[in-house]
Amino acid sequence: MFLEAPSLTLVNTRSPRFKMLPMLFVLVLAVPLFAQGQNHDHDPGRRRGKVPAAQDPGPRGAPIGAGGPVANLSPDQLRFFNDAAQRFVNAEGVADGLGPTFNADSCGACHSQPAIGGTSPSATAFPQVGPNPQVALATAEGATNKPPFFVKPDGPIREARFKFVMNPDGTVDRNQPDGSVHDLFTIQGRNDAPTGCTLAQEDFWAAGSQHNLALRIPTPTFGGGLIETIDDATILANMQANRADKLRLGIRGKPNRSGNDATITRFGWKAQNKSLIEFSHEAYSVEIGETNQMFPQKRGFFPNPPPANCVSNPQPEDQTRYVATGNDPVGVPSDDDAFATFMRFLDQPTPSCKGVNCPASIQNGNKLFTDGVKCALCHTPSMTTGQSSFTVGAQGLSGVQANLFSDLLLHHMGERLSDGIPQGKAGPDEFRTAPLWGLGQRLFFLHDGRASNLVEAIRQHRSEGSEANAVIENFNALTPEQQQELLNFLRSL
């Protein structure tokens with residue numbers, strides 16, 4: 001007599017090819033692409049009574065369901081949005097402001113998958129997007145850089161921070177905290193670099209061998225304007241909701257706050273940036289090296305400024321264009337301001353299905369996510385935006401249900417995920433709850449991209465000092481069928 005094991009419905013929405021139109025910003029409504037449930041008629045594991053372990057279904061394919069503008073923008077707003085999108089992907093050279101240190105030469109280099117505004121690409125999963133551009137950038141224009149050991153052709157894109165200052169001899173001075181981004185590349189040797197520019201690439205191999213590296217991957221920017229428009233009062237009210245359940249499970253959470261006006265900050269892995277303007281200006285300076293009206297000085301490698309012979313442009317390199325090209329006001333904003341406009345008007349990702357239109361496995365997974373495992377105590381399914389002056393007279397950013405699956409708060413994630421970097425009110429092991437919208441097409445998980453499947457990402461949440469420990473115990477207590485349903489739900493987002 002053989003015991004019959006229930007089959008797992010593994011939702012597989014991967015498509016071998018899809019066409020990406022990065023510059024055609026039309027909101028595409030996603031529809032579910034679901035495979036048949038697994039056939040176990042010839043499965044020896046089934047005959048032996050074994051239930052297969054839950055598996056990440058993997059990123060779903062077309063339609064993309066992301067990268068389009070929010071609804072009800074005016075014709076002029078759409079013109080600014082499309083102009084900003086073009087600037088977002090434009091590659092910068094040294095004459096434009098690249099360097100003298102940099103991680104990428106455009107915003108779109110890092111935020112490209114599954115559509116412009118997203119996150120790290122992978123040529124394996126999405127060949128139309130292409131490979132990790134950092135590999136080619138290392139030697140572009142004759143540069144003499146080498147891709148660090150943590151940068152691979154198939155991703156993820158990464159930036160590196162040093163926890164402590166590195167001495168000239170390659171040792172770590174643990175009495176001098178650092179925490180800043182140390183760009184992967186320099187312009188030394190590039191054909192477009194100033195004559196005589198000498199600035200060696202950092203020794204990431206030495207830093208890594210001494211456990212002095214903290215890595216991060218790009219955060220998706222979809223729905224940025226909706227996140228920006230959520231009132232502080234809404235975030236705080238949500239923090240107090242279900243308080244008894246949270247305390248019982250060891251979940252606390254707190255907002256990060258601006259050191260200037262003390263309001264809640266919400267962008268970045270540690271919610272360290274207040275607004276999209278700040279987010280875009282900082283990224284242009286830190287990731288590309290281009291100075292701007294918010295960060296008008298060139299960066300070197302902390303604590304040193306860059307060599308004078310590597311800086312040749314007047315500063316700041318990006319600024320408001322006070323004379324419109326052809327009397328068209330679209331060209332007036334600086335690139336950084338345009339980037340903020342692009343992210344502000346990017347709509348939230350569309351899930352593959354909604355509610356009762358979803359397969360039973362996904363509906364069951366949604367209920368487990370909320371009521372069973374209690375993931376939703378941190379990954380809040382939705383918050384409603386406040387009133388925005390950017391879209392007047394019709395719902396665009398105002399009063400919108402933002403299905404972000406985040407409380408936008410900081411939580412202790414324990415010693416396993418700690419990166420040793422404090423930012424604002426965020427301590428070394430505290431991170432913002434990562435929004436899960438668009439997760440269905442994401443390839444790399446957690447702040448440093450260490451996980452490439454959801455099962456591993458979930459398990460990494462558990463360690464000494466993590467607020468997620470009890471929730472992960474709930475996940476581990478599920479049957480394999482239930483775990484699979486929860487994973488299927490996550491890949492539908």
Side-chain angles (χ1 to χ4, degrees), residues 19-30 63-92 106-119 129 218-230 267 273 275-284 288 290 292-294 318-321 324-350 385-400 402-404 435 437-438:
K19 187 173 183 181
M20 176 181 173
L21 301 174
M23 289 300 105
L24 179 59
F25 295 100
V26 178
L27 183 61
V28 181
L29 297 178
I64 296 171
V70 298
N72 299 315
L73 294 181
S74 71
D76 283 335
Q77 287 173 323
L78 281 172
R79 287 201 311 119
F80 275 81
F81 176 81
N82 284 312
D83 172 75
Q86 295 285 352
R87 298 201 218 180
F88 197 84
V89 299
N90 185 64
E92 302 290 278
S106 74
C107 299
C110 296
H111 299 278
S112 61
Q113 185 280 319
I116 298 303
T119 183
V129 179
T219 56
T221 65
F222 303 132
L226 298 177
I227 292 177
E228 189 176 53
T229 311
I230 296 172
F267 295 103
N273 291 128
S275 64
L276 292 171
I277 283 284
E278 182 181 18
F279 184 78
S280 63
H281 281 71
E282 181 189 34
Y284 218 23
I288 297 173
E290 189 155 338
N292 52 69
Q293 294 166 119
M294 189 174 289
D318 181 53
Q319 59 178 278
T320 302
R321 299 172 176 90
T325 303
N327 294 319
D328 186 352
V330 167
V332 170
S334 67
D335 288 344
D336 306 88
D337 290 349
F339 301 153
T341 295
F342 174 64
M343 293 185 288
R344 182 174 295 115
F345 290 156
L346 267 179
D347 203 0
Q348 59 186 309
T350 304
T385 64
Q387 295 298 306
S388 172
S389 62
F390 287 106
T391 50
V392 179
Q395 188 182 57
L397 296 176
S398 298
V400 176
N403 303 310
L404 70 169
W437 54 11

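We count residues from 1, following the sequence as given.
Taking D337 as the reference, nothing meets the salt bridge (Lys or Arg N to Asp or Glu O under 4.0 Å) condition, with sequence neighbours excluded. With sequence neighbours left out, A109 forms a side chain to side chain contact (heavy atoms under 4.5 Å, CB included) with A104, D105, S106, P133. Checked against ring-ring contact (aromatic ring centres under 6.0 Å, His included), F267 has no partners two or more places apart in sequence or in another chain.
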Legend entry - CA sep, side-chain torsions, deciding dist, call: M294, Y284, side-chain contact (heavy atoms from CB on, under 4.5 Å): CA-CA 10 Å; M294 189 174 289; Y284 218 23; over 6 Å; no

Inset, instruction - Test side-chain contact (heavy atoms from CB on, under 4.5 Å) on V70 and L397 and set out the steps. - result: CA-CA 7 Å; V70 298; L397 296 176; 4.0 Å; yes

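By the 4.5 Å heavy-atom criterion applied to side chains, T229 and R344 are not counted as neighbours. Side-chain contact between F390 and S398 is absent, with no heavy atoms from C-beta onward closer than 4.5 Å. Residues Q348 and N403 are in side-chain contact: their nearest non-hydrogen atoms beyond the backbone lie under 4.5 Å apart. You'll find the side chain of D328 reaches within 4.5 Å of the side chain of R79, heavy atoms only.
Here L226 contributes atom CG and M343 contributes atom CE; the two are 13.5 Å apart, rounded to the nearest 0.5 Å. If you take CD1 on I227 and CH2 on W437, they are separated by 4.5 Å, rounding to the nearest 0.5 Å.
Residue A115 comes nearest to I64 through the heavy atom pair CB-CG2, 4.0 Å, listed as atom of the first residue, atom of the second, then distance. The heavy-atom pair separating A85 from F342 by the smallest distance is CB-CE1, 3.6 Å. Annotation for A402 and I230: closest pair CB-CD1, 4.5 Å, computed over non-hydrogen atoms. Listed here is the closest heavy atom pair of A84 and A338: CB-O, 3.0 Å. Counting all heavy atoms, side chain and backbone alike, T119 lies closest to P220 at CB-CG, 4.0 Å. Taking each heavy atom of I116 and F222 in turn, the nearest pair found is O-CE2, 3.6 Å.
R321 and D335 are joined by a salt bridge, as a carboxylate oxygen and a charged side-chain nitrogen come within less than 4.0 angstrom of each other. Taking the charged nitrogens against the carboxylate oxygens, D83 and R87 do have a contact shorter than 4.0 Å, which makes a salt bridge.
Side-chain N/O atoms of E92 and N90 include a donor and acceptor closer than 3.5 Å. Counting only N and O atoms by type, the side chains of T320 and Q293 include a donor and acceptor under 3.5 Å apart. Side-chain contact, N273 with E282: a donor N or O sits under 3.5 Å from an acceptor N or O.
Side-chain atoms of T341 never come within 3.5 Å of backbone atoms of F81 as a donor-acceptor pair (strictly under, hydrogens ignored). At distances below 3.5 Å, at least one donor-acceptor pair connects side-chain atoms of Q77 with backbone N or O atoms of S74. A donor-acceptor pair under 3.5 Å is absent between the side-chain atoms of H111 and the main chain of P218, judged by distance alone.
Ring planes of F88 and F339: perpendicular class, angle over 60° (limits at 30 and 60°).
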